[in-house]
Amino acid sequence: MIILKSQDEIKRIADACRIVAEALGSIKKIIGVGVTTIELDKLAESFIISKGAIPAFKGYKGYPASLCTSINEQVVHGIPSNTKLKEGDIISLDTGVYYKGFYGDVAATLPVGKINDAKKRLIAVTKEALYRGIMSATVGNRLFDISCSIQCYVEENGFSVVRNFVGHGIGRELHEEPQLPNFGNKGEGPTLMEGMTLAIEPMVNAGSWEVVILDDGWTAVTKDRMPSAHFEHTVAITRDGPKVLTEL
Ligand code: MF3
Ligand code: CO
């Protein structure tokens, strides 16, 4: 069942989303060569707690951190470690909060120092794919119109969308129905209605879409070890169109 939210509930989700967006903003500022991903996680956690919120990922199905840090060929769910960021890396930062009964979820991929043109294009295409998806999130459209917009744009640009992980409904739970694949057919899936809140999160691979999970049980990497990028926003569907709640 897809849970529809009232305007008041959307306001409360927006409060959680503002905190998580600010947390991401503060982490972005310290990204640079030599910084470890553990340092990023510590900042995420202390920032979130300082706002009176709770890190949503820590302890989720046993996940050990407040932030997912996925570098280069890592697709999602990279676990923070003592690894230092290097010039030319790209890093996906994904974090979530729980605040006064509601969740917010956001992710972005950033360059470390100077990156090559292929990685620049991968980041730009993934970000634009997210916005194409968001633009399709309007009342009366179908769920997989969002998926189709994302897939189409990504494949037009010669990249591939990951199949094994999906976007999701969000609200009183981090993951609610519906699941939102980043591939699908226009005109299919549930009809989008006012009050739906979705975390839209394309994961885009430079090479093939296939991923494998490392022995830590979490880190998803591309099978061909080519780079991957990930962007995510929490979005409310309103009668005035899609409202991005995790934008500062
Ligand atoms: N943004 C991701 C998701 O929604 C990451 C959550 S997995 C966790 O689905 F384990 F890290 F929490
Ligand atoms: Co998510």
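Values in this document were obtained by computation on a predicted structure and should not be read as measured data. Counting starts at 1 for both ligands and their atoms, in listed order.
Side-chain atoms of N205 and S228 form a donor-acceptor pair, as typed in the model, at a separation below 3.5 Å. Side-chain contact annotation: K58 with S66, donor-acceptor N/O pair under 3.5 Å absent. No hydrogens or angles considered: a donor-acceptor pair under 3.5 Å links the side chains of H233 and T246. Side chains of N141 and K186: a donor-acceptor N/O pair is absent below 3.5 angstrom, by distance only. Looking at E201 and H168, their side chains do bring a donor and an acceptor atom within 3.5 Å of each other.
Protein nitrogen, oxygen and sulfur atoms, that is N, O or S, within less than 2.8 Å of the Co ion (ligand 2) amount to 4.
Using a cut-off of 4.0 Å between Lys/Arg side-chain N and Asp/Glu carboxylate O, R239 and E194 are scored as salt-bridged. A salt bridge links E176 with K5: the distance from a Lys NZ or Arg NE/NH1/NH2 to an Asp or Glu carboxylate oxygen falls below 4.0 Å.
Every protein residue with a heavy atom nearer than 4.0 Å to ligand 1 is included here: F57, Y60, Y63, C68, H77, D94, D105, H168, H175, E201, W218, E232.
Using cut-offs of 30° and 60° for the angle between ring planes, the Y63 and F57 rings count as perpendicular.
Aromatic rings from F165 and H230 are positioned such that their centres are separated by 6.0 Å or more.
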